[in-house]
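So the structure is just underneath, and the comments pick up after that.
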Amino acid sequence: MEKQKLPVSEIPKVYDPKQVEKNWYQHWLDRGYFRASADPRKKPYSIVIPPPNITGILHMGHALNNTLQDILVRYHRMTGRQALWMPGTDHAGIATQNVVEKSLREEGLTRHALGREKFLERVWKWRQKYGNTIIRQLRRLGCSCDWDRTRFTMDEGLSQAVREVFVRLYEKGLIYRGKYIINWCPRCQTALSDEEVQHKEVTGHLYYLKYEIEDSGGQTVTIATTRPETMLGDTAIGCHPDDERYHHLKGKTALLPLLGRRLRIIQDEEIDPQFGTGVLKITPAHDPVDFNLAARHGLEAVNIFRPDGTLNENAGPFVGLDRFEARRKIITELEDRRILLETKEHLHSVGHCYRCQTIVEPYLSLQWFVRMEPLAKPAIAAVKKGKTVFTPGRWTKVYLDWMTHIKDWCISRQIWWGHRIPVWYCGRCRTAEVLREIEAGAGKRTTGGGKAYAEPGMMVCRQAPEACRTCGSTELTQDPDVLDTWFSSWLWPFSIFGWPEKNKDLRYFYPTSCLVTGYEIIFFWVARMMMAGLEFMGKEPFKEVYIHGIVRDETGAKMSKSLGNAVDPIRVIDQYGADALRYAIVSITSEGQDVYASEEKFEVGRNFSNKIWNAARFVLMNLDPGLSLSKPPRRASLSPIDRWILSRLNQAIAGVSLSLDRSRFNEAVSTLYDFFWHEFCDWYLELSKPAIKSLPTQWTLAHVLENTLKLLHPFMPFITEEIWQRLPHRGDSIMISPWPAADKAWIDRKIEGELQLVVGEIQAIRNVRAAWQINPKDSVTVAIKTAREKEQGILKDYSTTIVQMAKVSSLQIGKNIKRPKESAVANVGRVETYVVLSGLVDIQVERQRIEAALADVEKMIRGLRSRLANRDFLTKAPREIVEKEQKKAEELENRKKRLEENLRTLC
RNA sequence: GGGCGGUUAGCUCAGUCGGUUAGAGCGUCUGAUUUACAUUCAGAAGGUCCAUGGUUCGAAUCCAUGACCGCCCACCA
């Protein structure tokens with residue numbers, strides 16, 4: 001974009017982000033600055049985006065997550081690394097299917113009515129229409145992803161990687177199929193992994209039921225349960241073998257109320273005698289504990305639910321009822337028959353579907369699983385050895401705990417949108433008998449020891465086979481299920497580079513440098529990527545995992561669209577600008593803590609943008625057209641004030657770089673805010689006004705501004721580019737300009753210290769003015785004829801400057817006298833009003849002021865003296881601390897003397 | 001049941017290796033305006049750093065115990 005330099009007078013007073021953001025983003029795209037490719041001359045820096053769901057709409061969590069990534073990428077790009085940010089989206093199996101099904105419902109359609117193929121066409125269409133919303137929104141945020149490389153988890157290449165991984169794991173004996181209790185969502189009608197179930201504490205009820213013992217003359221046993229409807233599937237009852245209360249039940253049989261089924265009475269160590277009555281009803285098909293007990297004791301499993309959560313034929317008179325309705329009916333029935341003895345409130349946690357919040361049902365069904373333990377071992381080792389580091393470190397433990405107690409991963413989903421399981425079955429080989437055997441194989445783990453799981457007539461292939469390998473039949477059907485969404489996401493860090501093909505990008509950019517994500521997907525995603533990366537690439541997928549907090553609203557609720565409390569980042573960008581949003585969200589994110597977003601935070605960001613804008617406006621207004629930034633003036637020609645701000649600048653460069661290297665984003669941004677606003681603008685800009693015609697000062701203004709813009713660029717890319725383009729810069733864009741290096745030669749602690757003293761003096765004068773209650777309107781009398789004038793060196797220079805600025809005048813306080821008309825005074829700006837004539841002092845007030853100050857100083861001196869008199873302190877504290885304190889004490893003594901002298905002269 | 005995080009100004013929060021008189025933003029109050037910026041500037045008020053005990057010359061910071069708030073994990077029938 002060729003930008004005509006506006007005459008300064010036409011730079012608007014208020015920063016307007018709209019056009020600026022659009023133009024510069026397009027400029028960056030046009031010039032290809034986001035692109036990165038393998039370049040052996042440079043060090044790589046790579047990040048893969050946590051792929052947002054295609055159903056996603058940018059929320060504050062995304063804004064935080066992606067701003068942090070963009071900061072890292074932009075920073076490292078400027079430091080000269082080959083920085084790549086790989087973007088992409090996730091097909092989000094269940095979530096997307098739900099969305100499309102919902103839109104079908106509005107048309108009065110169901111996916112079943114439509115059929116699998118037609119339905120998938122609809123999903124693809126939906127994806128084409130809405131699936132890139134979030135990508136567009138990320139661009140508005142300013143994300144510098146290499147968009148040409150954008151991937152989608154259902155792209156052909158990534159799908160191929162999925163099949164490859166499935167087959168390899170299968171051949172290694174790490175994938176098997178089996179009939180187990182899994183988490184079933186009756187609404188989505190699919191299996192869920194353990195991680196996809198959210199447990200919530202709810203107050204339910206504990207029902208005490210009376211079961212009759214067979215042939216015992218009416219003896220009964222009382223059993224406590226939270227889910228009475230599952231009694232219909234009971235096939236046994238049990239107690240702890242050492243529970244003396246129930247020894248008389250050994251070998252007996254109980255009778256199931258309502259249905260009259262005969263129930264074995266078993267003993268098992270796993271049954272807790274403390275819970276309820278100590279007797280457990282055993283429902284193998286609907287409870288994981290019971291399922292295990294049943295496997296040990298050879299009990300039959302009776303399934304009483306249909307996939308949609310209604311009761312099936314096994315439920316006798318309750319067939320067809322919904323599970324919760326059935327619960328109510330059964331309770332009433334049991335009450336009527338006096339089988340329900342007691343109902344107590346009971347706090348327990350109930351699993352909910354993470355997609356639709358329906359209560360999840362433990363359900364016995366045939367599913368595919370990944371055997372995780374062998375995969376977890378290297379993933380544990382890699383983190384223990386520090387190959388991958390978590391920031392903040394406390395997540396290491398969370399990760400390791402989960403990995404150590406890892407359970408097998410249920411990967412099949414009974415939905416249509418996703419990667420179809422690459423398994424085919426031969427209709428001829430799978431006779432009714434074979435199928436019965438498979439069905440009957442509940443609980444038997446048929447694989448292990450490196451051998452592939454096998455079923456007659458089953459083929460696991462990378463491509464659809466033409467014919468059955470055993471009998472040659474072409475009567476083949478593919479497994480109808482699809483894979484868990486995360487089965488493609490866990491390959492993301494290498495599948496996006498074209499794995500299994502070995503190529504330059506993979507070699508150059510893998511392992512990636514940093515993964516930025518929230519803690520809610522450590523188990524879903526981070527841990528599994530570690531396993532996949534180590535298994536298939538032989539290397540950890542990232543050097544660092546940066547875990548940030550969750551964005552909440554002011555009341556602490558997790559922001560979500562459904563709660564209606566979400567602050568829409570796009571609205572914030574429209575209203576305040578992307579830079580303001582980015583600044584705000586970073587400034588409130590301290591390491592790993594959850595953050596609370598609110599309107600006022602974005603206002604602070606907008607105000608900061610505007611401050612930057614106006615400071616730049618001032619500098620540009622005063623810059624000599626011939627000034628060259630690349631030709632620094634001789635050091636001697638710089639005023640002490642110039643040298644002060646240059647020193648401060650270099651401290652800021654060092655501080656910001658260090659903070660970024662340590663991933664302390666909020667620290668970096670606050671350093672910049674303080675430096676820019678409270679040092680550069682409040683002091684330097686004001687003090688530069690009298691010297692504004694001086695070229696060295698102009699150079700300093702422009703130089704400090706330019707370098708601060710660079711430091712700010714990763715955080716606030718748009719406004720920094722806009723201003724930088726108006727400066728006499730070199731190069732095409734700030735985003736590819738080199739990151740400033742802190743030049744130690746410029747850091748001058750002496751000048752900083754001395755100017756701090758002067759600043760202190762000015763502050764003291766401000767205080768005097770306040771104490772005297774001088775209305776500056778009346779009292780522009782300005783002088784700094786203090787003792788300081790006699791002092792040597794910088795202090796004197798500085799005081800002189802102020803005197804010059806102020807144009808000492810002899811106006812008197814209290815009279816409404818017009819301000820002097822000298823232009824110099826007008827130019828002085830705000831500083832002028834701070835400086836006040838000494839001499840015309842209310843002696844009483846001044847004495848009070850000095851006495852108060854003296855008291856303060858004396859108090860501090862007492863504290864210091866007692867410390868310095870302490871032998872332990874002198875011998876045990878580090879020397880530099882002691883020296884610092886001694887110096888401080890001296891300074892205080894001097895100050896005290898001055899104050900006392902002032903007091904004497906007053907009297 | 002296990003684990004993690006938090007408790008600092010009226011509000012929201014920083015506070016690194018234990019070391020000056022504990023900071024910021026917002027809010028409140030007082031004042032400023034020929035100004036790059038009212039999306040601005042100056043000033044003031046406002047603190048038992050959750051409690052108790054310990055370590056230390058020195059603790060908001062380290063240790064122990066407890067309280068309260070929040071989160072995560074677990075086969076809490």
Side-chain angles (χ1 to χ4, degrees), chain A residues 8 11 13-15 181 199 201 206 223-227 230 238 270-272 275-276 279-283 287-293 346-349 362 392 394-395 397-398 401-402 405 519-520 522-523 549-550 554 556 576 580 587-588 590 592-596 598 600-601 603-604 606-622 658-659 662 664 666-667 670 673-674 681-682 685-686 689 763 766-767 769-770 773 775-777 819 826-830 832-834 856 859-860 863-864 867 870-878 880-882 884-885 888 892:
Chain A
V8 171
I11 300 176
K13 274 192 169 190
V14 172
Y15 172 59
I181 291 260
H199 291 271
E201 289 263 294
L206 201 52
I223 296 173
T225 179
T226 52
R227 295 197 305 155
T230 63
E270 217 180 297
I271 299 168
D272 177 7
F275 189 92
V279 186
L280 172 70
K281 63 186 264 305
I282 298 169
T283 321
D287 188 284
V289 179
D290 298 10
F291 178 78
N292 290 336
L293 288 169
H346 179 65
L347 190 71
H348 61 152
S349 77
R394 64 170 186 273
W395 294 108
K397 194 165 172 288
V398 176
D401 281 351
W402 186 79
H405 302 116
Y519 53 77
E520 73 271 21
I522 291 180
F523 305 143
I550 286 175
E554 299 109 305
Y576 301 117
S587 68
I588 60 177
S590 88
Q593 294 302 336
D594 287 355
V595 300
Y596 297 76
S598 64
E600 99 193 5
K601 311 251 167 83
E603 281 172 19
V604 174
R606 184 229 11 217
N607 295 355
F608 188 38
S609 299
N610 199 53
K611 189 72 180 177
I612 297 169
W613 183 252
N614 275 292
R617 193 164 163 263
F618 171 80
V619 174
L620 290 166
M621 268 168 53
N622 290 296
L658 183 67
S659 296
R662 298 201 297 180
R664 304 202 177 198
N666 62 324
E667 192 182 77
S670 111
Y673 183 90
D674 286 342
C681 290
D682 287 355
L685 238 53
E686 296 298 340
K689 284 172 183 174
Q763 225 110 38
R766 289 174 185 174
N767 291 340
R769 199 212 69 205
Q773 306 215 316
N775 182 351
K777 250 185 203 148
R819 196 159 311 181
N827 274 343
V828 169
R830 292 188 173 108
E832 164 241 8
T833 59
Y834 308 146
D856 267 2
K859 198 177 143 199
M860 280 188 270
L864 271 177
R867 219 170 314 162
N870 185 333
R871 183 164 305 167
D872 284 333
F873 174 70
L874 292 174
T875 52
K876 288 180 187 167
E880 66 267 22
I881 298 286
V882 177
K884 219 161 122 188
E885 303 261 304
K888 175 79 188 166
L892 284 172

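Just so it is clear: chains get the letters A, B, ... in the order the sequence lines come, proteins before strands, and each one is counted from 1.
- Shown here are the side chain to side chain donor-acceptor pair (under 3.5 Å) partners of Y673(A), two or more places apart in sequence or in another chain: there are none.
- Here A77(B) is the nucleotide among A74(B), A36(B), A77(B) with the atom lying nearest to any side-chain atom of H348(A).
- You won't find any donor-acceptor pair under 3.5 Å spanning the side chain of K884(A) and the base of U20(B), going by distance alone.
- Nucleotide U12(B) holds its P atom 15 Å from the CG atom of D594(A), rounded to whole Å.
- Comparing U21(B), U16(B), C4(B) by their closest approach to the side chain of K888(A) singles out U21(B).
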Exercise for review: For RNA chain B, produce a single dot-bracket line, 5' to 3'. Pairs: Watson-Crick or G-U wobble, both distances under 3.5 Å. Symbols: ( ) within strand, [ ] crossing, | other strand, . unpaired.
Suggested key: (((((((..((((.....[...)))).((((((....).))))).....(((((..]....))))))))))))....
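- When distances run from any side-chain atom of N610(A) to the nucleotides C37(B), A36(B), A74(B), the shortest one goes to C37(B).
- One can place CD of E885(A) at 7 Å from P of U21(B), the figure rounded to the nearest angstrom.
- Contacts of R664(A) with the nucleic acid, taken as non-hydrogen atoms under 4.0 Å apart, include base atoms.
- Dashed line: the shortest gap from a side-chain N or O of K13(A) to OP1 or OP2 of C37(B) is under 4.0 Å.
- A donor-acceptor contact under 3.5 Å links the side chain of K611(A) to the base of C37(B).
- In the set U16(B), A42(B), C76(B), A42(B) carries the atom at the smallest distance from any side-chain atom of D682(A).
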Using a cutoff of under 3.5 Å, can you pull out all pairs of nitrogen or oxygen atoms linking the protein to nucleotides 22-26 of chain B, with atom names and distances?
{"from": "C26(B)", "atom 1": "O2'", "to": "E600(A)", "atom 2": "OE1", "distance (Å)": "3.2"}

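- Atom CD of E603(A) is separated from atom C1' of C37(B) by 17 Å (rounded to the nearest Å).
- A search for side chain to side chain donor-acceptor pair (under 3.5 Å) contacts involving K601(A) returns nothing, not counting sequence neighbours.
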Practice item. For nucleotides 56-64 of chain B, just jot down a letter per nucleotide in 5' to 3' order: B, S or -, based on protein non-hydrogen atoms under 4.0 Å. Key: -B-------
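- Comparing U39(B), C76(B), A36(B) against the side chain of V14(A) picks out U39(B) as the nearest.
- In this structure, T225(A) reaches the sugar-phosphate backbone alone: every heavy-atom distance under 4.0 Å involves primed, P, OP1 or OP2 atoms, never a base.
- Classified by its glycosidic torsion, C68(B) falls in the anti category, the angle being over 90° from 0.
- For T230(A), the side chain to side chain donor-acceptor pair (under 3.5 Å) partners two or more places apart in sequence, or in a different chain, are K281(A).
- In the model, D594(A) has a side-chain atom that pairs as donor or acceptor with a side-chain atom of Y519(A) under 3.5 Å.
- Remark: side-chain polar atoms of N614(A) are paired, donor with acceptor, to backbone N or O of N610(A) under 3.5 angstrom.
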